[in-house]
Amino acid sequence: MAQASYPEDLLYHVEHDWARVEGAQATFGITWYAQDALGEVVYFDPPSVGTEVAKDQPYTEVESVKAVSDVFAPLSGEIVAVNEGLAEHPETINEDPYGEGWLVKVKLSDPSEAQTLMDAPSYQEGLE
Amino acid sequence: MTSAAETDLRRTPLFERHRAAGAKLVEFAGWELPVQYAGIREEHLAVRRAAGVFDVSHMGQIHTRGPQAQALLQRVLSNDVRRIPEGGAQYALMCREDGGVLEDLFTYRLGECEYLTVTNAANHERDLAWLLAQAGEFDADVIDRRAEFAMLAVQGPGARELVRSLADGALPARMHCCERAVVGAPMLVCGTGYTGEDGVELLLDPEAAAAVWDALLAHGATPAGLGARDTLRLEACFHLYGNDLSEDRGPIEAGLGWCCKEETGFIGAEAVAAKRSEGPAERLAAFVIDGRGIARAGNPILGGGVVTSGSYSPCLEHGIGMAYLPAAQAEPQTRIEIDVRGVTRAAVVKRKPLYRKGS
């Protein structure tokens, strides 16, 4: 994805992660800004299903040619699914960060935490 | 996710070209430089398959001239400076008395008593001071030329033909240099590089740099940034000062005994000769990670040793690197384990270079 984009239906974390909240479950990924700053992602080791993640804490890593970067959980909960396809095709994170490049799905332990995340305009404001 | 501060950083004459091309700019050795344009992998492969152009204007130049210019350089540089013919180039180290490496650099012989030495950006001031400190007893002038040169590296199997088509004559052979005009701009064309590919490096007036850059791009060169420069040099197992070379280790440990000619009596020669004869406790070796994962500089080797350069190889499609290993572990095919942020990654020591031109 060559052009910056920040979908309106997502919530954003200051460490450049997004969450798509659907009831008590959410999908996490990294933002266009994060993948652009990293450059071509060459490795993503998905965490295990069942792992607990805590809001604001790193839960996995993405590695590009030039650097490795922690990925922070925007919300707390338990991982119920991981994007297995990324192990073979990590570049999907660059190509489609909000779609096929999702990282994990999480059963939220406290859905009210979502109130602390930013909407797309606020996140973009923070980037400038 | 580094971003360059707007203040206090030096900019090359091509800064606006980089910005216009959408480069990501980072701070490097006090300069604001392009780390990538389209992407490191794409730029890397363009250099391996066709031709890329790097703005390396942050590198410094020192001019040494006078009746004893050669004698001064012979004292300061590890290689045998007498062997550089006029119009020739030579790689050498600069060492302390104890053999610790101060710098690695190329020297070009411009005339009978005239040499131009290219320094690393981060070391330029120190190199200049070191040369001036040694110059007292020699009838030679040491002159800082950094502000007078922009420097472009055009590298890749198509690089020579591309530059030749814009030049007023034949290009110098590998490890040689000559004055040429390229798109009308006079410059020193050097048959050297840092990518493991054929190519040339151009030293020219900063005022002319933008027009030459534009012409190279118009004729098909891919702009390439520091990111690709690093992955290319690492595949070729060229040392990066500050990573693979430092004052803490000597040339023999670094595998650079070939460019040390102790009989010339250079500063550090005795220490280098002693290390060569006793054998070093550790050696710089190249490795390839078995499976997934990328070791980075600073990662420890289980059982001793440390990674000094580590990255992803776009050609091998594996994590690669160089590490100082106990000498017994540094032989090709030795299996090693690297602690990569708490995860043990298996790797195998490989013969250098990890990538050979045309393979």
Side-chain angles (χ1 to χ4, degrees), chain A residues 1-4 12-18 30-48 51 57-72 82-97 101 103 123-124 126-128, chain B residues 1-4 21-26 28 33-45 224-235 240 243 289-299 307 309-321 338 340-345:
Chain A
M1 190 186 288
Q3 285 299 316
Y12 295 86
H13 185 268
V14 68
E15 292 286 353
H16 311 293
D17 307 277
W18 57 261
I30 66 171
T31 65
W32 188 92
Y33 176 89
Q35 66 78 32
D36 183 60
L38 269 169
E40 302 108 307
V41 175
V42 290
Y43 292 117
F44 171 68
D45 275 320
S48 308
T51 307
Q57 297 299 313
Y59 68 96
T60 189
E61 294 175 345
V62 285
E63 185 140 31
S64 69
V65 176
K66 68 179 182 218
V68 62
S69 184
D70 281 327
V71 181
F72 289 78
V82 300
N83 189 347
E84 303 282 358
L86 297 179
E88 279 303 303
H89 294 287
E91 68 277 10
T92 310
I93 295 170
N94 299 112
E95 291 162 359
D96 191 8
L103 304 182
Y123 175 66
Q124 276 176 275
L127 294 178
E128 282 154 16
Chain B
M1 297 179 197
T2 320
S3 64
K24 280 195 180 62
L25 297 156
V26 296
F28 178 82
L33 295 170
V35 66
Q36 65 168 67
Y37 304 82
I40 294 174
R41 188 182 348 219
E42 189 174 328
E43 294 160 30
H44 180 112
L45 295 175
L226 290 181
R229 186 167 160 82
D230 190 55
T231 53
L232 288 158
R233 71 93 194 166
L234 189 55
E235 284 183 347
L240 174 62
N243 281 46
I289 303 249
D290 274 355
R292 300 151 51 76
I294 302 172
R296 305 284 180 179
N299 291 160
V307 174
S309 285
S311 191
Y312 178 80
S313 162
C315 289
L316 303 178
E317 299 185 335
H318 268 274
I320 61 167
I338 308 172
V340 181
R341 297 178 305 282
V343 178
T344 300
R345 300 281 188 189

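Quantities reported herein were computed from a predicted structural model and do not represent experimental measurements. Below, chain A is the first sequence line, B the second, and so on; all start at residue 1.
- Residue-environment remark: CD (E42(B)) stays at or below the threshold of 12 foreign heavy atoms within 6.0 Å.
- With hydrogens and angles ignored, the 3.5 Å screen pairs no side-chain donor or acceptor of E63(A) with any backbone N or O of G293(B).
- Separation of atoms NZ (K66(A)) and CZ (R41(B)) is listed at 13.5 Å; rounding is to 0.5 Å.
- Closest non-hydrogen pair, D45(A) versus R292(B), comes out as OD1-NH2, 2.7 Å.
- How far NZ of K24(B) is from CG of L38(A): 9.5 Å, rounded to the nearest 0.5 Å.
- For V65(A) against S311(B), the heavy-atom pair with the smallest separation is O-OG, 3.1 Å.
- For E61(A), the side chain to side chain donor-acceptor pair (under 3.5 Å) partners are R341(B), not counting sequence neighbours.
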